[in-house]
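Because the structure is a prediction, the values reported are computed rather than measured. For this chain, numbers begin at 1 and follow the sequence in order. Below, each value reflects all heavy atoms present in this structure, side chains not excepted, and no hydrogens, waters or symmetry copies.
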Amino acid sequence: VQLQAFGGGLVQPGDSLRLSCAASGRTVGNYPIAWFRQPLGMEREFVAGIRWLGTSTRYSDPARGRFTISGDNAENTVVYLQMNNLKPDDTAIYYCAASSLRLPFGLMTDQTRYDFWGQGTLVTVSS
């Protein structure tokens with residue numbers, strides 16, 4: 001599976017941004033795809049995940065209520081991360097990742113369970 005993340009950029013606090021993760025090489029709709037982010041000098045952290053043909057989603061506490069993860073179709077060929085009301089703390093490199101495992105809900109946040117990673121896209125939130 002090849003993943004390509006794009007859509008990052010420089011925005012102001014309160015703005016919105018939509019990231020896209022394009023998957024190719026294998027059908028990923030049945031398997032979890034997630035967004036992680038890594039602020040400068042910090043550990044990479046889970047942001048949001050989607051699985052089961054888009055019927056199951058999970059969010060981190062900072063993302064819940066502001067971010068929405070979705071797939072373009074049942075195959076999740078493209079997975080989006082709509083980010084609203086962005087804050088400076090959201091500044092990070094955002095990575096999309098796919099797992100070859102049918103992860104249970106409780107393990108969707110575990111980055112060690114993801115086999116395939118995109119190259120990352122930088123989101124900067126600054127006034």
Please walk me through it: do Phe105 and Arg51 pass side chain to side chain contact (heavy atoms under 4.5 Å, CB included)?
CA-CA 9 Å; Phe105 185 80; Arg51 61 173 189 160; 3.5 Å; yes
Show the numbers, then the answer: is there a side chain to side chain contact (heavy atoms under 4.5 Å, CB included) between Ser99 and Asp115? CA-CA 5 Å; Ser99 176; Asp115 312 277; 4.0 Å; yes
Does the pair Val123 and Arg37 meet the rule for a side chain to side chain contact (heavy atoms under 4.5 Å, CB included), with working shown?
CA-CA 9 Å; Val123 173; Arg37 68 185 184 186; over 6 Å; no
*Stepwise salt bridge (charged side-chain N to carboxylate O under 4.0 Å, His left out) check, Asp61 with Arg64*: CA-CA 5 Å; Asp61 288 342; Arg64 190 174 298 110; 2.7 Å; yes
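Atom CZ in Arg113 sits 11.0 Å away from atom OG in Ser100 (nearest 0.5 Å). Distance check, rounded to the nearest 0.5 Å: OH of Tyr80 to CD1 of Ile50 gives 11.5 Å. The CG atom of Leu17 sits 9.0 Å away from the CG atom of Leu81 when rounded to the nearest 0.5 Å. Annotation: the span from Trp35 atom CH2 to Glu45 atom CD amounts to 14.5 Å, rounded to 0.5 Å. Atom CG of Leu107 sits about 15.0 Å away from atom CZ of Arg102, to the nearest 0.5 Å.
For the pair Tyr59 (side chain) and Ile69 (backbone), a donor-acceptor distance under 3.5 Å is present. Remark: side-chain polar atoms of Gln38 are not paired, donor with acceptor, to backbone N or O of Ala92 under 3.5 angstrom. No donor-acceptor distance shorter than 3.5 angstrom exists from the side chain of Thr124 to the backbone of Thr91, with no hydrogens or angles considered. Panel note: side chain Asp72, backbone Val78; a donor-acceptor pair is recorded below 3.5 Å.
Of all the heavy atoms in Val47 and Ala63, the pair that sits closest is O-CB, 3.6 Å. Shown here for Ser127 and Pro13, the closest heavy-atom pair between the two residues is N-CD, 3.7 Å. Taking every heavy atom of both residues into account, Ala23 and Leu3 meet most closely at CB-CD2, 3.6 Å. Heavy atoms only, all atoms of each residue included: Arg66 and Leu86 are closest at NH1-CA, 3.9 Å.
Taking 4.5 Å as the limit, every side-chain heavy atom of Ser60 sits out of range of all side-chain heavy atoms of Thr109. A heavy-atom distance below 4.5 Å is not found between the side chains of Pro62 and Phe67.
Qualifying ring-ring contact (aromatic ring centres under 6.0 Å, His included) partners for Phe36, counting only residues two or more places apart in sequence or in other chains: Phe46, Tyr114, Trp117.
The hydrophobic clustering, which links ILVMFWY residues whose side-chain heavy atoms are closer than 4.5 Å, places Met108 and Leu101 together.
For the side-chain contact (heavy atoms from CB on, under 4.5 Å) test with Met83, the passing option among Val11, Asp15, Leu19 is Leu19; the others fail.
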